[in-house]
There are 2 protein chains.
Amino acid sequence: MAGHRSAPQHRDPKDVPVETVFAALAEPVRLEIVRQLWASEDWARACGSFDVAVGKAGLSHHFGVLRDAGLVEQRDEGARRVNRLRREEVEAAFPGLWELVNRRR
Amino acid sequence: MAGHRSAPQHRDPKDVPVETVFAALAEPVRLEIVRQLWASEDWARACGSFDVAVGKAGLSHHFGVLRDAGLVEQRDEGARRVNRLRREEVEAAFPGLWELVNRRR
DNA sequence: CCGAGTGTACGACTTTCGTCGAACACTTCA
DNA sequence: TGAAGTGTTCGACGAAAGTCGTACACTCGG
């Protein structure tokens with residue numbers, strides 16, 4: 001694994017309150033990560049592959065928030081931790097959310 | 001007016017970034033206000049008429065945030081300041097947002 | 001004109017949040 | 001085995017956000 005004692009813990013989008021999702025997406029860095037993830041294939045992007053202005057520690061924190069909000073799923077792949085957006089699950093729990101996220105303004 | 005030197009200043013939802021809207025709705029008190037407002041007729045509710053656990057000062061602050069996010073419009077009516085949800089404008093700028101807000105989870 | 005009612009402005013306080021540096025754990029590759 | 005790469009955890013720091021009390025401004029009804 002990539003420096004972790006255990007596999008990442010996920011929360012089902014169905015069990016996440018809307019406030020939590022809104023809070024997760026209200027942060028510029030996290031919103032940017034999600035947008036870049038939207039334009040990528042599932043499991044194609046490792047955590048460190050994102051073009052955002054924040055160090056490793058901060059990045060790790062943000063991914064934790066996105067995970068807790070049920071927006072992102074992570075899996076360990078060798079030394080790296082790869083991500084995927086939970087497109088279907090989130091769309092089912094919060095219909096129209098992805099459209100809002102990707103409607104750049 | 002109701003203790004104000006000038007009329008409230010509003011921002012067009014079209015000019016508001018999504019992060020700002022998300023941040024406004026990520027706060028429990030504000031989300032509750034918006035939901036109660038959704039179930040009310042336009043201009044029917046004054047600021048002090050909301051059943052939330054916060055004092056006058058905090059309430060005033062929250063309404064300022066909602067205004068800056070383009071979600072709420074305010075108008076002075078005698079000694080009171082009445083509110084309306086900007087349903088159409090917001091729906092046009094952020095389609096599906098109201099559905100998310102009112103999808104209690 | 002005075003008192004009650006409504007809401008804002010200001011300042012202070014507390015908590016939360018984003019950030020960083022450093023140490024650590026694990027994998028991969030030479 | 002050893003070095004490089006990846007990501008987490010911890011502690012600390014500063015900035016931002018929510019809350020409250022107070023003072024103030026304005027309106028309305030006796």
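Every chain is numbered from 1 and lettered A, B, ... according to where its sequence line falls, protein lines coming before strand lines.
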When Glu89(B) is tested against each of Arg11(B), Arg84(B), Lys14(B) for salt bridge (charged side-chain N to carboxylate O under 4.0 Å, His left out), which residue passes? Arg84(B)
Whole-Å gap separating [atom2] ([N]) and [atom1] ([X]):
| X | N | atom1 | atom2 | value |
| --- | --- | --- | --- | --- |
| Arg75(B) | dT6(C) | CZ | C1' | 18 Å |
| Lys56(A) | dA25(C) | NZ | C1' | 11 Å |
| Asp76(B) | dT27(D) | CG | C1' | 10 Å |
| Arg45(B) | dT6(C) | CZ | P | 13 Å |
| Phe63(A) | dT9(D) | CZ | P | 14 Å |
| Leu59(A) | dG21(C) | CG | P | 14 Å |
| Gln74(A) | dG7(D) | CD | P | 9 Å |
| Arg80(B) | dT8(C) | CZ | C1' | 17 Å |

A side-chain contact here means heavy atoms from C-beta on lying under 4.5 Å apart; do Glu73(B) and Asp42(B) qualify? no
Are Val34(B) and Leu25(B) close enough that some pair of their side-chain heavy atoms sits under 4.5 Å apart? yes
Using 30° and 60° as the class limits, which term best fits the ring planes of Phe22(A) and Phe22(B): parallel, tilted or perpendicular? parallel
Give the C-alpha distance, both sets of side-chain angles, the deciding distance and a yes or no for ring-ring contact (aromatic ring centres under 6.0 Å, His included) between Phe50(A) and Phe63(A). CA-CA 11 Å; Phe50(A) 290 85; Phe63(A) 274 104; 5.6 Å; yes
Say whether Gln74(A) and Arg67(A), considering side chains only, have a donor N or O and an acceptor N or O under 3.5 Å apart. yes
Under 4.0 Å protein heavy-atom contact, by nucleotide of nucleotides 16-21 of chain D - B base, S sugar-phosphate only: --SBBB
So, taking the atom named CG in Leu31(B) and the one named CG in Leu66(B), what distance separates them when rounded to the nearest 0.5 Å? 9.5 Å
If I take atom SG from residue Cys47(B) and atom CG from residue Asn83(B), how far apart are they, to the nearest 0.5 angstrom? 4.0 Å
Under-4.0 Å salt bridge between Glu99(B) and Arg103(B): yes
Looking only at side-chain atoms of Ala79(A), point me to the closest of dT8(C), dT27(C), dG7(D). dT27(C)
Axis bend over the full length of the helix from dC1(C)-dG30(D) to dA30(C)-dT1(D), computed from five pairs that close each end, to 10 degrees: 20°
